*Asks:* 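This structure is in structure tokens; I'll ask about it shortly.
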2 protein chains.
Amino acid sequence: MIRSTQELLWERGYVGTSPKAIQLAAEAGQGSMYHHFSGKAELARAAIERSGAELRAAAEEQFAGSGTATERITNYLERDREVLKGCRMGRLTADPDVIADPVLRAPVAETFAWIRTRLAEIVAEGKESGEYPAGLDPDRTAATIAAVLQGGYVLARADGSDEPFELAVAGLVDLLEGVAS
Amino acid sequence: MIRSTQELLWERGYVGTSPKAIQLAAEAGQGSMYHHFSGKAELARAAIERSGAELRAAAEEQFAGSGTATERITNYLERDREVLKGCRMGRLTADPDVIADPVLRAPVAETFAWIRTRLAEIVAEGKESGEYPAGLDPDRTAATIAAVLQGGYVLARADGSDEPFELAVAGLVDLLEGVAS
DNA sequence: GTCTATACCGCGATAGAC
DNA sequence: GTCTATCGCGGTATAGAC
């Protein structure tokens with residue numbers, strides 16, 4: 001059921017996902033669902049936390065790889081993604097009910113905080129190795145990288161095509177390589 | 001009523017906005033609404049188109065200003081924004097019903113296409129003036145700039161604070177200034 | 001043009017049987 | 001633990017009076 005909820009939250013968001021739809025997707029009965037979870041909110045909480053953990057694990061695969069900072073960041077950016085489906089986490093920030101509920105927003109906030117922190121660490125490593133100029137701000141750069149990804153999804157979904165996402169990522173890589181020595 | 005719909009679409013999205021809520025906000029009766037509009041979808045269409053026009057007009061204020069390319073882009077990026085409310089247009093890309101309906105998606109697609117085109121023109125001007133290196137790709141760079149804005153909103157809403165948005169914008173400006181001569 | 005009444009459906013949850 | 005029945009509410013739209 002949690003897995004079905006993750007999928008539905010991704011596709012339809014919190015407001016657009018009904019308990020009944022979850023039960024259908026999970027082939028679970030109504031009584032079963034309300035026995036294991038107090039309601040929609042708790043189920044969503046479990047699903048969001050699981051998605052966050054999966055997302056971090058997937059990102060760490062690229063972050064922890066070998067190569068220069070730019071290479072690892074590029075690997076992360078250019079990883080295979082279902083661009084037109086958007087980001088499971090980023091999508092939830094459009095949901096007022098998620099943003100308004102501290103319990104639901106917390107795992108979203110933590111996931112992005114973690115990603116920005118990891119990216120900042122990698123940028124800092126790039127500075128130490130002399131790859132990036134000493135003046136480059138890791139926290140700013142990390143936020144920019146994370147934003148390009150999230151914004152790339154938005155532009156792609158608006159356009160109905162992967163192209164804007166690819167362009168945005170390529171443009172960012174150009175800029176990163178431009179400031180690298 | 002269109003104005004009320006714009007506001008509700010911004011706050012709650014398409015799925016989260018009901019005809020009844022629009023009527024309440026606009027202090028209009030039910031019969032009145034269904035007399036002037038065939039239903040929720042047509043009303044949304046009018047609202048989205050109007051928001052698109054307003055967004056383009058607001059952006060053009062910075063785009064058409066004086067100064068170098070980087071200055072005009074920076075003015076655009078650092079314009080006063082209600083960051084935590086998110087982008088009226090970008091928000092709609094999370095709405096499956098909007099993305100699935102060509103009539104509703106079209107004005108969203110056009111708005112972002114216009115913004116990317118204008119940004120690419122400005123980047124191209126920066127190349128001609130010698131501000132940017134000849135190797136810089138205007139389309140890529142434009143997509144990156146637009147993505148940072150949209151992604152900045154996402155990160156800010158996840159964080160519950162303007163900070164990630166400000167960081168992402170500052171990081172992008174750093175990179176742009178870094179590649180500028 | 002705008003009003004009220006009505007309809008039908010699905011949401012989100014609860015109750016109590018098994 | 002899971003099932004079915006039921007509930008109250010609001011979404012979205014139509015009907016027909018004024």
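Order of the sequence lines sets the chain letters (A, B, ...), proteins ahead of strands, with each chain counted from 1. Just so it is clear, the model here is predicted, and its values are computed rather than measured.
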*Asks:* Determine whether the side chains of B/Thr74 and B/Glu78 contain a donor N or O and an acceptor N or O closer than 3.5 Å.
*Replies:* no
*Asks:* Nearest-nucleotide wise, let me know which of A/Ser38 and A/Ala21 is further upstream toward the 5' end of DNA chain C.
*Replies:* A/Ala21
*Asks:* Look at the side chain of A/Lys20 and decide which nucleotide, out of C/dC11, C/dA13, D/dT14, has an atom nearest to it.
*Replies:* C/dC11
*Asks:* Once you round it to whole Å, what is the distance between P of D/dC3 and CD of A/Glu27?
*Replies:* 11 Å
*Asks:* Please tell me if the side chains of A/Asp159 and B/Arg116 come closer than 4.5 Å, counting only heavy atoms from C-beta onward.
*Replies:* yes
*Asks:* When you match B/Tyr34 and A/Ala28 each to their closest nucleotide on DNA chain D, which lands nearer the 5' end?
*Replies:* A/Ala28
*Asks:* Take atom CD of A/Gln30 and atom P of C/dG16, then tell me their distance rounded to the nearest Å.
*Replies:* 16 Å
*Asks:* Could you state the atom-to-atom distance from CD of B/Gln23 to P of C/dG1 in whole Å?
*Replies:* 18 Å
*Asks:* If you only use heavy atoms from C-beta on, which nucleotide in D/dG11, D/dA13, D/dT2 is closest to the side chain of A/Ser32?
*Replies:* D/dT2
*Asks:* Regarding B/Arg91 and B/Tyr153, do their side chains bring together a donor and an acceptor under 3.5 Å, going by distance alone?
*Replies:* no
*Asks:* Using both pair distances under 3.5 Å as the test, note the stems of at least 3 consecutive Watson-Crick or G-U pairs that include DNA chain D.
*Replies:* C:1-18 with D:1-18
*Asks:* Does any non-hydrogen side-chain atom of A/Ile115 lie less than 4.5 Å from one of A/Tyr76?
*Replies:* yes
*Asks:* Would you indicate whether the side-chain heavy atoms of B/Arg72 and B/Leu119 approach each other to under 4.5 Å?
*Replies:* no
*Asks:* Rounding to a whole Å, what distance do you find between B/Met33:CE and D/dT12:C1'?
*Replies:* 8 Å
*Asks:* For the residue pair B/Thr70 and B/Glu177, confirm or rule out a side-chain donor-acceptor distance under 3.5 Å.
*Replies:* no
*Asks:* Strictly below 4.0 Å: does A/His36 bring a side-chain N or O up to OP1 or OP2 of D/dT2?
*Replies:* yes
*Asks:* Rounded to the Å, how far apart are A/Leu8 CG and C/dG10 P?
*Replies:* 16 Å
*Asks:* Take atom CG of B/Leu24 and atom P of D/dT12, then tell me their distance rounded to the nearest Å.
*Replies:* 14 Å
*Asks:* What is the distance, to the nearest angstrom, from the CZ atom on A/Phe37 to the P atom on C/dT14?
*Replies:* 16 Å
*Asks:* Within the structure, does a side-chain N or O atom of B/Lys40 lie under 4.0 Å from either OP1 or OP2 of D/dT12?
*Replies:* yes
*Asks:* In the structure I gave you, are the side-chain heavy atoms of A/Ile73 and A/Gln62 within less than 4.5 Å of one another anywhere?
*Replies:* no
*Asks:* Within this structure, what is the CD1-to-P distance between A/Ile22 and C/dG12, rounded to whole angstrom?
*Replies:* 9 Å
*Asks:* Does a nitrogen or oxygen in the side chain of A/His35 sit under 4.0 Å from OP1 or OP2 of D/dG1?
*Replies:* yes
